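Just the heavy atoms: all of them, side chains too, but no hydrogens, waters or symmetry mates, feed the values below. Remember, predicted model here, so these are calculated numbers, not experimental data.
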Amino acid sequence: AIRKTCSLCWASPDTRSLRENSQKDFQNKRYYHTKDIIIINIQFKGEIIMITLLTGTKGSGKTKKLIALIDEALKSSDGNVICVEKTDDLRHSVNYRARLISADHYDVSGYEAFYGLLAGICASNHDITDIFVDATLRIGSRDYDELGEFLKKVNALAKDSEVKFTFTVSTESENIPASVLDFCELK
């Protein structure tokens, strides 16, 4: 039997180099402890879908689905839930416990600035579990190749920060670049 360590306190019979090797040796595993019991939760990040895309034409109910997913995340999450939108139209529809961020308030337009906003949100608060984004193409642009590159960068961010992302994209699923289907779930 191999004794594992706790990622919170690094408790182990052999602690000589765990902190140095933690990124390399324990990258895909999380170790928790509760008193004398060690619980191992193995995560294969390559198989876990961290990004969900809600696709459909305008008026197809994407925002209503997004609001329902936000409410569901608030019930099940132990951390913070964030909702990013183009304007502040959802302020009366989204539960007050979700942090609502307007991209227009921070003059965010284009995928580079949009990625910077999302990365800054993740860097500023390590208790975030879910980020929901409405009107992705209105914040970024309608260039689907740029959307694909943006989603690749967000996928790396999601893996590093262990945050689940959900985006509404006002287009048919056929327009989504095939390259992102490896790490995005379409709904």
Side-chain angles (χ1 to χ4, degrees), residues 45 47-122 124-125 127-187:
K45 291 184 180 181
E47 297 175 10
I48 294 177
I49 302 295
M50 301 294 283
I51 299 175
T52 303
L53 301 178
L54 301 176
T55 60
T57 58
K58 186 174 180 176
S60 62
K62 296 178 303 298
T63 302
K64 287 183 183 182
K65 286 182 194 175
L66 186 76
I67 293 169
L69 290 172
I70 292 169
D71 290 339
E72 185 178 308
L74 286 169
K75 290 176 186 172
S76 63
S77 175
D78 291 335
N80 297 326
V81 176
I82 309 293
C83 178
V84 179
E85 62 171 333
K86 175 79 171 146
T87 60
D88 58 355
D89 294 338
L90 295 180
R91 72 174 169 251
H92 298 296
S93 303
V94 173
N95 189 307
Y96 70 93
R97 293 181 296 152
R99 168 100 191 265
L100 191 61
I101 298 173
S102 169
D104 281 350
H105 182 76
Y106 297 101
D107 295 325
V108 174
S109 64
Y111 287 114
E112 289 296 318
F114 192 10
Y115 176 78
L117 175 70
L118 295 178
I121 291 169
C122 291
S124 69
N125 185 346
D127 292 330
I128 296 172
T129 58
D130 299 274
I131 295 179
F132 296 91
V133 180
D134 193 31
T136 303
L137 297 179
R138 286 179 44 213
I139 297 171
S141 73
R142 296 206 65 88
D143 185 337
Y144 297 116
D145 292 330
E146 285 184 21
L147 174 66
E149 291 302 315
F150 166 73
L151 291 174
K152 284 181 187 174
K153 290 168 67 174
V154 171
N155 186 48
L157 175 65
K159 287 180 181 179
D160 289 342
S161 60
E162 297 182 2
V163 173
K164 294 180 209 150
F165 287 86
T166 303
F167 296 92
T168 62
V169 182
S170 293
T171 187
E172 294 299 328
S173 57
E174 297 85 35
N175 295 331
I176 301 297
S179 61
V180 301
L181 298 180
D182 294 336
F183 54 85
C184 290
E185 176 184 19
L186 295 178
K187 285 191 175 182

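To the nearest 0.5 Å, the span separating CD1 on I176 from OG1 on T55 amounts to 6.0 Å. To the nearest 0.5 angstrom, L74 atom CG is 5.0 Å from R97 atom CZ. Rounded to the nearest 0.5 angstrom, N175 CG and R142 CZ are separated by 8.5 Å. Considering CG of L66 and CD of E85, their distance stands at 9.5 Å, rounded to 0.5 Å. If you take OG on S161 and CD1 on I131, they are separated by 6.5 Å, rounding to the nearest 0.5 Å. In this structure, CD on E185 lies 4.5 Å from OG1 on T52, to the nearest 0.5 angstrom.
In plain terms, the two heavy atoms of V94 and C83 that are nearest each other are CG2-SG, 4.3 Å. Across every non-hydrogen atom of I128 and V163, the tightest pair is O-CG2, 3.4 Å. The heavy-atom pair separating R138 from T87 by the smallest distance is NH2-CG2, 4.2 Å. Shown here for V81 and I70, the closest heavy-atom pair between the two residues is CG1-CG2, 4.3 Å. Shortest non-hydrogen contact noted between M50 and A158 is CE-O, 3.4 Å. Contact between Y111 and S141 at its shortest, heavy atoms only, is OH-O, 2.7 Å.
Between F167 and L147, the closest side-chain pair of non-hydrogen atoms is not below 4.5 Å. A heavy-atom distance below 4.5 Å is found between the side chains of Y144 and L137. For the pair Y115/L157, a side-chain contact is recorded, criterion being any heavy-atom separation below 4.5 Å from C-beta on.
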Could you walk me through whether K153 and E112 pass side chain to side chain contact (heavy atoms under 4.5 Å, CB included), step by step? CA-CA 10 Å; K153 290 168 67 174; E112 289 296 318; 3.3 Å; yes
Step-by-step side chain to side chain contact (heavy atoms under 4.5 Å, CB included) determination, L53 to S173: CA-CA 9 Å; L53 301 178; S173 57; over 6 Å; no
Could you walk me through whether L117 and I139 pass the side chain to side chain contact (heavy atoms under 4.5 Å, CB included) test, one step at a time? CA-CA 11 Å; L117 175 70; I139 297 171; over 6 Å; no
Would T166 and D130 count as a side chain to side chain contact (heavy atoms under 4.5 Å, CB included) if you check the C-alpha gap in whole Å, the side-chain angles of each, and the deciding distance to 0.1 Å? CA-CA 8 Å; T166 303; D130 299 274; 6.0 Å; no
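Taking 4.0 Å as the cut-off between side-chain N and carboxylate O, D104 and K86 count as a salt-bridged pair. Looking at K75 and E72, no side-chain N of the basic residue comes within less than 4.0 Å of a carboxylate O on the acidic one, giving no salt bridge.
Judged by distance alone, the side chain of K62 and the main-chain N or O of T57 form a donor-acceptor pair under 3.5 Å. In this structure, the side chain of T136 engages the main chain of T168 through a donor-acceptor pair within 3.5 Å.
Side-chain N/O atoms of T63 and D134 include a donor and acceptor closer than 3.5 Å.
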